[in-house]
Trainee: 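The structure is given below, and queries will be raised subsequently.
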Amino acid sequence: MKGVAWKNSRETSDTYQYVLQIDGIKGVRDESRILKELNDWYEYGHGYSPKSKTSTIIFKKRFETEESWKCWARKFPYSLEEITEKTGRKKPYKLGLEYNKGNLK
């Protein structure tokens, strides 16, 4: 499973809304784990690929600051990267498993 996130800048509020897309969910057990991990996120969309037999779920959540988003994203227990909304390029910092591997001692 892999997560991709981006800031939804179309919202006009004081908070920061992020969209999180989880791809490669294989089976009910993996889907249940993701839904449990993201129980405070709003499930925005759901898709299924019969060819690869995997699901994709899209979530949304608001954060007070960008730093609170990064703090949450660094603790995410799966592979995660943040991309820019306009260009789709990966942001240069590590999140999720990549961040946690670098901080193990």
Trainee: Could you tell me whether K91 and E66 have a side-chain N and a carboxylate O separated by less than 4.0 Å?
Mentor: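 Looking at E66 together with K91, the answer is no, because their closest N to O distance does not fall below 4.0 Å.
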
Trainee: Please verify the inter-ring angle class for F63 with W72; under 30° counts as parallel, over 60° as perpendicular, anything in between as tilted.
Mentor: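 Rings of F63 and W72: tilted, 30 to 60°.
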
Trainee: Where the side chain of T84 meets the backbone of G88, is there a donor-acceptor pair that is under 3.5 Å apart?
Mentor: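 Side chain of T84 to backbone of G88, a donor-acceptor pair under 3.5 Å: yes, one is there.
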
Trainee: Grab the two heavy atoms, one from V4 and one from L80, that are nearest each other, plus how far apart they are.
Mentor: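 Closest approach of V4 to L80, heavy atoms only: N-CD1, 4.0 Å.
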
Trainee: Flag yes if L95 and L38 sit in one hydrophobic cluster, no otherwise; membership is Ile, Leu, Val, Met, Phe, Trp, Tyr, and two members link when side-chain heavy atoms are under 4.5 Å apart.
Mentor: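 Linked, L95 and L38 end up in one cluster.
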
Trainee: In Å and rounded to the nearest 0.5 Å, what is the OH to CD distance from Y18 to E85?
Mentor: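 Going from the OH atom of Y18 to the CD atom of E85 covers 10.5 Å.
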
Trainee: What closest approach, in Å, do L20 and W41 show between heavy atoms, and which atom pair accounts for it?
Mentor: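 Heavy atoms only, the tightest pair is CB-CZ3, 3.7 Å.
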
Trainee: With heavy-atom distances below 4.5 Å as the criterion, would you say the side chains of Y78 and I22 are in contact?
Mentor: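 Side chain of Y78 against side chain of I22, heavy atoms only: no contact under 4.5 Å found.
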
Trainee: Output the distance between atom NE2 (H46) and atom CG (L35), rounded to the nearest 0.5 Å.
Mentor: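 Going from the NE2 atom of H46 to the CG atom of L35 covers 8.0 Å.
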
Trainee: Flag yes if I57 and F76 sit in one hydrophobic cluster, no otherwise; membership is Ile, Leu, Val, Met, Phe, Trp, Tyr, and two members link when side-chain heavy atoms are under 4.5 Å apart.
Mentor: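 Yes; F76 is reachable from I57 via cluster members.
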
Trainee: How many angstroms lie between OG1 in T56 and CD1 in I25, if you round to the nearest 0.5 Å?
Mentor: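 CD1 of I25 is found 6.5 Å from OG1 of T56.
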
Trainee: Nearest 0.5 angstrom please: S68 OG to R62 CZ, how far?
Mentor: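 Here the rounded value is 13.0 Å.
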
Trainee: Would a 4.5 Å heavy-atom cut-off, applied to side chains only, mark W69 and K61 as touching?
Mentor: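 No, too far: nothing below the 4.5 Å cut-off.
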
Trainee: Could you give the distance from CZ (F59) to CG (N39), rounded to the nearest 0.5 Å?
Mentor: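 Taking CZ in F59 and CG in N39, the distance rounds to 10.0 Å.
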
Trainee: Got a sec, which residues hit ring pair (Phe, Tyr, Trp, His ring centres under 6.0 Å) with Y44, two or more places apart in sequence or on another chain?
Mentor: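 Result, ring pair (Phe, Tyr, Trp, His ring centres under 6.0 Å) vs Y44: none returned.
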
Trainee: From R89 CZ over to E81 CD, what is the distance, rounded to the nearest 0.5 angstrom?
Mentor: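 Those atoms lie 14.0 Å apart.
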
Trainee: Please determine whether a side-chain nitrogen of the Lys or Arg among R74 and E67 lies less than 4.0 Å from a carboxylate oxygen of the Asp or Glu.
Mentor: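 A salt bridge is present here (some side-chain N lies under 4.0 Å from a carboxylate O).
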
Trainee: Could you list all the salt bridge (Lys or Arg N to Asp or Glu O under 4.0 Å) pairs where at least one residue sits in residues 21-31, not counting sequence neighbours?
Mentor: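 Checked against salt bridge (Lys or Arg N to Asp or Glu O under 4.0 Å) - neighbours excluded - the pairs reaching residues 21-31 are D30-R33.
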
Trainee: What I'd like to find out is whether the side chain of Y16 reaches to under 4.5 Å of the side chain of E64, using heavy atoms alone.
Mentor: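 Sidechains of E64 and Y16: no contact.
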
